[in-house]
Amino acid sequence: GAGVSQTPSNKVTEKGKYVELRCDPISGHTALYWYRQSLGQGPEFLIYFQGTGAADDSGLPNDRFFAVRPEGSVSTLKIQRTERGDSAVYLCASSLSGTGATDTQYFGPGTRLTVL
Amino acid sequence: AQSVTQLGSHVSVSEGALVLLRCNYSSSVPPYLFWYVQYPNQGLQLLLKYTSAATLVKGINGFEAEFKKSETSFHLTKPSAHMSDAAEYFCAVSAFYSSASKIIFGSGTRLSIRP
């Protein structure tokens, strides 16, 4: 079946602009995660959804970042007033349940965001 | 709090040689531990994970890792390197008990294979 998909694959924007990044999880996966990977670093957790609700948003760096998952499937990460420091690859992952030893997170290819 | 430290940002081995990528973890609760691989221009792929069932974990592509609680280590090994193993490898940890299963990643080790 299809894996996790993310659109766009690349996004170039200007400082101060608003951007939306989309994630389509694997069908049937109730858990969805957003991570951010800066150049030369490992992925950094941003937010975790269980169904439609954000179960853990402790990784969001500030109130310019917001994410939604209104129907428990597709999720959108929204960044307001972008800054050059927001440039990174934004990764989305999904898993079947979000709990338990057998639960595995499957990652999408990411969206590379460049803020000029 | 949980964290992982990967020793060596870049490791280079000859084709056919042993691969050893080092990872030490810190966790106040029993951990789940992972190794992920990231090939150029591709997404993260799970190599293997430790979930307390067995201390020696076998993964895909001939890789394995051993959980050593006394050393707080989870090093990744492969007996014989192939050119196709060249990639970025990430060690990671998450909380064993938590329902919020976010993963904390290390900074990565780039593996190069010499012909």
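Every chain is numbered from 1 and lettered A, B, ... according to where its sequence line falls, protein lines coming before strand lines.
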Contact part of [X] toward chain B, heavy-atom cut-off under 4.5 Å: side chain, backbone, both or neither?
{"X": "A:S9", "result": "neither"}
{"X": "A:I47", "result": "neither"}
{"X": "A:Y35", "result": "side chain"}
{"X": "A:Q37", "result": "side chain"}

message = Given heavy-atom pairs under 4.5 angstrom as the criterion, report whether the side chain, backbone, both or neither of B:I103 touches chain A.
response =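 For B:I103, the contact with chain A is made by backbone and side chain together.
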request  = Under 4.5 Å heavy-atom distance to chain A, tell me which part of B:Y36 shows up: side chain, backbone, both or neither.
outcome  =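 It is the side chain, since no backbone atom gets that close.
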Min side-chain heavy-atom separation A:P61-A:R36 under 4.5 Å =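 They are in contact (side-chain heavy atoms under 4.5 Å apart), so the answer is yes.
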query = Any side-chain heavy-atom pair from A:S95 and A:Y33 closer than 4.5 angstrom?
reply =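 Yes - at least one pair of side-chain heavy atoms lies under 4.5 Å apart.
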key: Verdict with supporting geometry, A:L91 and A:V89, side-chain contact (heavy atoms from CB on, under 4.5 Å)   = CA-CA 6 Å; A:L91 299 170; A:V89 176; 3.9 Å; yes
ask   = Taking everything shown except A:F65 itself, do over 12 heavy atoms lie less than 6.0 Å from its CZ?
value =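 Enclosed: over 12 neighbouring heavy atoms sit under 6.0 Å from CZ of A:F65.
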message = Between B:K58 and B:L48, is the side-chain contact (heavy atoms from CB on, under 4.5 Å) condition met? List the steps.
response = CA-CA 7 Å; B:K58 295 187 183 298; B:L48 50 82; over 6 Å; no
Chain A interface, residue from B:Q42, B:Q6, B:Q38, B:R110 that has the most non-hydrogen pairs under 4.5 Å =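 Answer, by heavy-atom pair count under 4.5 Å with chain A: B:Q38.
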Parallel, tilted or perpendicular, as decided by the 30° and 60° cut-offs, for the rings of B:Y50 and B:F67 =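 It falls in the parallel class, under 30°.
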